[in-house]
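Remember, it's 1-based here, ligands and their atoms both numbered in the order they're listed. Both backbone and side-chain heavy atoms feed into the values below; hydrogens, waters and symmetry mates do not.
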Amino acid sequence: MKAAAFDYIRADNVEHALSLLQQHGGDAKLIAGGQTLVPMMAMRLARPELLVDIHRLDALRTISLTPDTLTLGAGVRQCEVERHAEIGQRLPLIHQALHWVGHQQTRNRGTVGGSLVYADPSAELPLAALILGATLHLDSADEGPRSVDAQDFFLGPMFTAIGDTDLLHRIDWPIWQGTHIRSAFQETAIRHGDFAMASAACQVQLDAQGLVARASFGLGGVSGTPLVFAELAQQLVGQRLSPELAKDVAHAAAQTCDPGSDMHASADYRRHLAAALLARVLLQAATPKE
Ligand SMILES: Cc1cc2nc3c(=O)[nH]c(=O)nc-3n(C[C@H](O)[C@H](O)[C@H](O)COP(=O)(O)OP(=O)(O)OC[C@H]3O[C@@H](n4cnc5c(N)ncnc54)[C@H](O)[C@@H]3O)c2cc1C
């Protein structure tokens with residue numbers, strides 16, 4: 001199928017993009033890498049009258065690292081992040097998540113912001129954003145700038161706190177301080193590069209005795225949004241993450257999920273998969289490197 005007819009304007013700068021959104025409201029859509037919007041338009045699941053191209057705006061493509069925060073412009077391409085050695089060192093969960101996002105070709109054009117705004121419940125970057133406690137900074141000609149925690153951003157399948165005239169400007173990713181911090185990301189899909197049937201990820205900090213000092217973990221693909229389990233994570237603090245404990249906590253998390261059934265997998269199978277993947281990532285992150 002071909003996309004319905006649309007107009008196209010390449011924005012000169014962020015203010016230009018914001019004013020076009022303000023003028024056209026819900027009839028206009030921003031396009032960044034186009035990796036989901038173009039297929040959606042080709043299938044006529046999206047029919048914007050105007051595409052506002054923000055892919056080349058330098059103001060959205062900045063990467064900055066301070067001791068405690070990584071700030072990524074929304075228009076930073078996924079491939080730029082995966083090639084950034086310092087991000088890999090200081091926030092390995094983002095690299096581990098990107099490993100599973102589509103294909104090299106989609107990551108070459110796809111942006112960090114586009115993935116977060118598209119908000120597929122199986123998408124890897126939204127899950128990483130929740131686990132790391134990211135903050136999303138939005139801008140709008142109507143309302144001015146505002147910040148939304150990842151926890152409040154993802155509202156349902158492909159549904160976020162973004163309004164018709166909002167642009168996601170940049171995302172802050174907190175960097176945990178201290179030593180013995182490890183993370184892991186695992187998922188199962190029909191083929192590598194497909195959206196996951198279920199995914200699990202975590203970041204864990206151990207103390208000098210090998211006990212959990214801090215933990216954050218979550219699941220993707222098993223509910224309308226990715227899920228993070230703050231209370232269960234808190235219960236791990238002060239404990240040694242044995243295989244039994246990892247299994248118990250993963251089972252408890254998976255029981256709260258509400259996955260759907262389809263031709264690929266039943267809801268029960270997805271729940272079982274989620275528990276198995278979560279136990280695996282927790283153990284991976286809690287096992288010190290040789
Ligand atoms: C073959 C294939 C496999 C894929 N597999 C995966 C996968 O396994 N996991 C995964 O997560 N994704 C996958 N994807 C999807 C995809 O790669 C990402 O969702 C995509 O990169 C989104 O980024 P984009 O820049 O291309 O967004 P676009 O397609 O340009 O935009 C997506 C949506 O976000 C909005 N948007 C974009 N930028 C902004 C902004 N700054 N502010 C406000 N709104 C904005 C757009 O208006 C649009 O609604 C796959 C895609 C393909 C084609």
Item checked: Winner among W100, F195, Y118 once heavy atoms are compared against atom 50 (C) of ligand 1 -> F195
Notebook entry, point to check: So, K29 and E49, do they make that salt bridge, N to O below 4.0 Å?
Noted result: no
Notebook entry, point to check: Below 3.5 angstrom, do we get any N/O pair linking A32 and ligand 1?
Noted result: yes
Next item on the list: Decide if atom NE2 of H251 counts as having more than 12 heavy atoms of other residues, nucleotides or ligands within a radius under 6.0 Å.
Entry: no
Next item on the list: Nearest heavy atom to atom 33 (C) of ligand 1 wins, so pick from A123, G114, S115.
Entry: G114
Next item on the list: Starting at CD1 of I63, measure out to NE2 of H84 and round the result to the nearest 0.5 Å.
Entry: 4.5 Å
Margin query: The test is salt bridge (Lys or Arg N to Asp or Glu O under 4.0 Å); show your working for D262 and R270 and say whether it passes.
Written below: CA-CA 10 Å; D262 60 20; R270 280 197 164 86; 3.1 Å; yes
Next item on the list: For ligand 1, indicate whether the residue D194 contacts it via side chain, backbone, both or neither (heavy-atom separation under 4.0 Å).
Entry: backbone
Check: N/O to N/O below 3.5 Å, does that happen between G102 and ligand 1?
Finding: yes
Check: Looking only at N/O atoms, are Q35 and ligand 1 under 3.5 Å apart anywhere?
Finding: yes
Checklist line | Heteroatom proximity flag, L168 to ligand 1, N/O under 3.5 Å | finding: yes
Item checked: Winner among V117, V38, L57 once heavy atoms are compared against atom 34 (O) of ligand 1 -> V117
Margin query: Give me the nearest non-hydrogen protein atom to atom 47 (O) of ligand 1 as residue plus atom name, then the distance to 0.1 Å.
Written below: L30 O, 2.5 Å
Next item on the list: Starting from atom 24 (P) of ligand 1, locate the nearest protein heavy atom and write down its residue, its atom name and how far away it is, to 0.1 Å.
Entry: G33 N, 3.5 Å
Item checked: For ligand 1, the portion of E124 having any non-hydrogen atom under 4.0 Å away -> both
Check: atom 25 (O) of ligand 1: which of I171, T111, L37, L21 has the nearest heavy atom?
Finding: T111
Notebook entry, point to check: Which residue holds the protein heavy atom closest to atom 19 (O) of ligand 1, what is that atom called, and what is the gap in Å?
Noted result: T36 CG2, 3.4 Å
Check: Taking atom types as modelled and ignoring hydrogens, do the side chains of T71 and D172 form a donor-acceptor contact shorter than 3.5 angstrom?
Finding: yes
Margin query: L60 versus ligand 1: do any nitrogen or oxygen atoms come within less than 3.5 Å of each other?
Written below: no
Note to self: Any salt bridge linking D166 with R146? Criterion: basic side-chain nitrogen under 4.0 Å from a carboxylate oxygen.
What the structure shows: yes
Check: Quick one: which of M40, K29, H103, R107 has a heavy atom closest to atom 1 (C) of ligand 1?
Finding: H103
Checklist line | Salt bridge R271-D268, side-chain N to carboxylate O under 4.0 Å | finding: yes
Next item on the list: Just grab all the salt bridge (Lys or Arg N to Asp or Glu O under 4.0 Å) pairs involving residues 185-213, residues at least two apart or on different chains.
Entry: R191-D194
Checklist line | Top protein contact for atom 28 (P) of ligand 1, by heavy-atom distance | finding: G34 N, 3.5 Å
Checklist line | Taking atom 5 (N) of ligand 1 as the reference point, the nearest protein heavy atom with its distance | finding: G193 O, 3.0 Å
Notebook entry, point to check: Between A74 and ligand 1, is there a nitrogen or oxygen pair with a distance under 3.5 Å?
Noted result: no
Item checked: Sole residue of L93, I94, L98 in side chain to side chain contact (heavy atoms under 4.5 Å, CB included) with Q96 -> L93
Notebook entry, point to check: Can you tell me which residue and heavy atom of the protein come closest to atom 52 (C) of ligand 1, and the distance to 0.1 Å?
Noted result: T106 CG2, 3.6 Å
Item checked: Which residue and heavy atom of the protein sit nearest atom 21 (O) of ligand 1, plus the separation -> Q78 NE2, 3.0 Å
Next item on the list: For a side chain to side chain contact (heavy atoms under 4.5 Å, CB included) with L168, tell me which candidate from T111, I162, V148, I54 qualifies.
Entry: I162
Next item on the list: Compute the shortest N/O to N/O distance between P39 and ligand 1 and return yes if it is under 3.5 Å, no if not.
Entry: no
Next item on the list: Answer yes if the side chains of D142 and S140 hold a donor-acceptor pair under 3.5 Å, and no otherwise.
Entry: no
Next item on the list: Look only at the side chain of S199 and the backbone of A196, and say whether a donor-acceptor pair between them is shorter than 3.5 Å.
Entry: no
Margin query: Which residues pass the salt bridge (Lys or Arg N to Asp or Glu O under 4.0 Å) test with R109, not counting sequence neighbours?
Written below: none
Next item on the list: Could you tell me if any non-hydrogen atom of L167 lies under 4.0 Å from any atom of ligand 1?
Entry: yes
